[in-house]
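Numbering of ligands and ligand atoms starts at 1, following listing order. For clarity, every value in this text was computed on a predicted model and none was experimentally measured.
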Amino acid sequence: MMKILYAKDFQTMSRKAANIISAQVILKPNSVLGFATGSSPLGVYEQLIEWYRKGDLDFSAVRTVNLDEYYGLDKSSPQSYAYFMYQNFFKDINIDPNNTYLPDGTNLDAEAECCRYNQIIGDLGGIDLQLLGIGHNGHIGFNEPGEAFERETHCVALAEKTIEANKRFFDSVDEVPRKAYTMGIKNIMNARKILLIASGEGKAEILCRALTGPIAPSVPASVLQLHNDVTVVADAPALSGILEQSAHLVDKLYDWDMEH
Ligand code: GLP
């Protein structure tokens with residue numbers, strides 16, 4: 001089942017998504033949470049930090065697995081996803097660093113690294129709640145268009161569009177790694193719950209194609225239509241395409257900032 005929740009803006013989207021993650025942690029303190037990087041989840045992490053500081057959340061038993069990591073980057077590199085997670089989230093909450101997992105970009109033996117990462121996810125008992133953003137070409141994690149749905153963690157060659165989109169985090173486009181490790185669609189689909197967030201007009205078209213269009217590897221996120229527990233929280237600009245075409249799919253209830 002897929003639920004699409006409306007949020008009027010980025011901040012409201014972030015709060016709603018953070019509420020869903022909080023509920024998960026409160027109901028199961030040792031949850032395995034799947035995390036994502038990019039601009040979209042930044043507000044979610046900020047909100048969770050705030051609630052942690054207020055004493056409303058305890059991450060001491062939580063385990064985390066991240067979707068992806070650049071091939072070749074060490075966790076001390078400011079562009080690595082390990083660094084991103086530490087700087088934007090982990091350093092400000094009471095999570096045990098030994099309970100936070102990402103693919104190891106410095107392990108250049110792709111087969112060994114992917115095998116190790118799948119093993120970690122398996123040993124943790126699978127993912128309770130996976131947070132996802134969506135790329136402009138419909139990628140989830142770094143599963144680019146055309147990837148087979150049945151793949152587990154693997155090493156990918158990044159699409160030109162992705163390299164372009166992510167160059168903003170680097171000094172120049174030449175510094176963006178051409179390869180990355182990513183959980184496969186199969187790892188993501190095995191998560192018990194999925195929470196997809198999207199913000200901004202730039203995501204409107206791809207979000208509409210992914211959630212209402214045909215299910216096909218050419219739009220990796222479209223596979224989520226087959227998952228039995230997906231919640232999408234998106235802001236008004238990101239939902240504009242869906243609202244135009246299939247407004248009945250969007251649940252506007254409980255948008256506490258909306259005027260009724
Ligand atoms: C990156 C990440 C994805 C992320 C996507 C969207 O390439 N690998 O996990 O969802 O881009 O990023 P943003 O949220 O910045 O638009």
K.L.:
Using a 4.0 Å heavy-atom cut-off, which part of Phe35 comes near ligand 1: side chain, backbone, both, or neither?
P.N.:
neither
K.L.:
Can you get from Tyr83 to Tyr181 by hopping between Ile, Leu, Val, Met, Phe, Trp and Tyr side chains that sit under 4.5 Å apart?
P.N.:
no
K.L.:
May I ask whether Glu144 places a heavy atom under 4.0 Å from ligand 1?
P.N.:
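In this structure, Glu144 fails to qualify as a contact of ligand 1 - no heavy atom is under 4.0 Å.
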K.L.:
Charged N to carboxylate O under 4.0 angstrom, Lys167 versus Glu164?
P.N.:
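Salt bridge present between Lys167 and Glu164.
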K.L.:
Non-hydrogen atoms of His136 versus ligand 1: any pair closer than 4.0 Å?
P.N.:
no
K.L.:
N/O to N/O below 3.5 Å, does that happen between Thr162 and ligand 1?
P.N.:
no
K.L.:
To the nearest 0.1 Å, how far is atom 12 (O) of ligand 1 from its closest protein heavy atom, and which atom is that?
P.N.:
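Sorting protein heavy atoms by distance from atom 12 (O) of ligand 1 puts Gly38 CA, 4.0 Å first.
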K.L.:
Check each heavy atom of Asp68 against ligand 1 and say whether those closer than 4.0 Å belong to the side chain, the backbone, both or neither.
P.N.:
side chain
K.L.:
For atom 1 (C) of ligand 1, what's the nearest protein heavy atom and its distance?
P.N.:
His139 NE2, 3.7 Å
K.L.:
So, taking the atom named CG in Asn190 and the one named CD in Gln130, what distance separates them when rounded to the nearest 0.5 Å?
P.N.:
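Answer rounded to 0.5 Å: 11.0 Å.
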K.L.:
Could you tell me, atom by atom, which parts of ligand 1 come under 4.0 Å of a heavy atom of Phe142?
P.N.:
7 (O), 8 (N)
K.L.:
Quick one: which ligand 1 atoms are inside 4.0 Å of a heavy atom on Gly133?
P.N.:
10 (O)
K.L.:
Which bit of Arg168 gets closer than 4.0 Å to ligand 1, counting heavy atoms only: side chain, backbone, both or neither?
P.N.:
side chain
K.L.:
Please verify whether a non-hydrogen atom of Ala36 lies at under 4.0 Å from ligand 1.
P.N.:
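No, that is not the case, since the closest heavy atom of the residue is not under 4.0 Å from the ligand.
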K.L.:
Is Glu244 atom CD crowded by more than 12 heavy atoms from other residues, nucleotides or ligands, each under 6.0 Å away?
P.N.:
no
K.L.:
Should you measure from each heavy atom of Asn166, which atoms of ligand 1 turn up under 4.0 Å away?
P.N.:
1 (C), 7 (O)
K.L.:
Whether the Thr162 and Glu144 side chains hold a donor-acceptor pair (N or O, under 3.5 Å, no angle test) is what I'd like checked.
P.N.:
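Indeed, the side chains of Thr162 and Glu144 share at least one donor-acceptor pair under 3.5 Å.
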K.L.:
Roughly how far, to the nearest 0.5 Å, is OH of Tyr117 from CG of Asn107?
P.N.:
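If we round to the nearest 0.5 Å, Asn107:CG and Tyr117:OH are 13.5 Å apart.
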K.L.:
Is a salt bridge present between Arg116 and Glu113, judged by a nitrogen-to-oxygen distance below 4.0 Å?
P.N.:
yes
K.L.:
When you measure from the side chain of Asn118 to the backbone of Thr153, do you find a donor-acceptor pair of N or O atoms at a distance under 3.5 Å?
P.N.:
yes
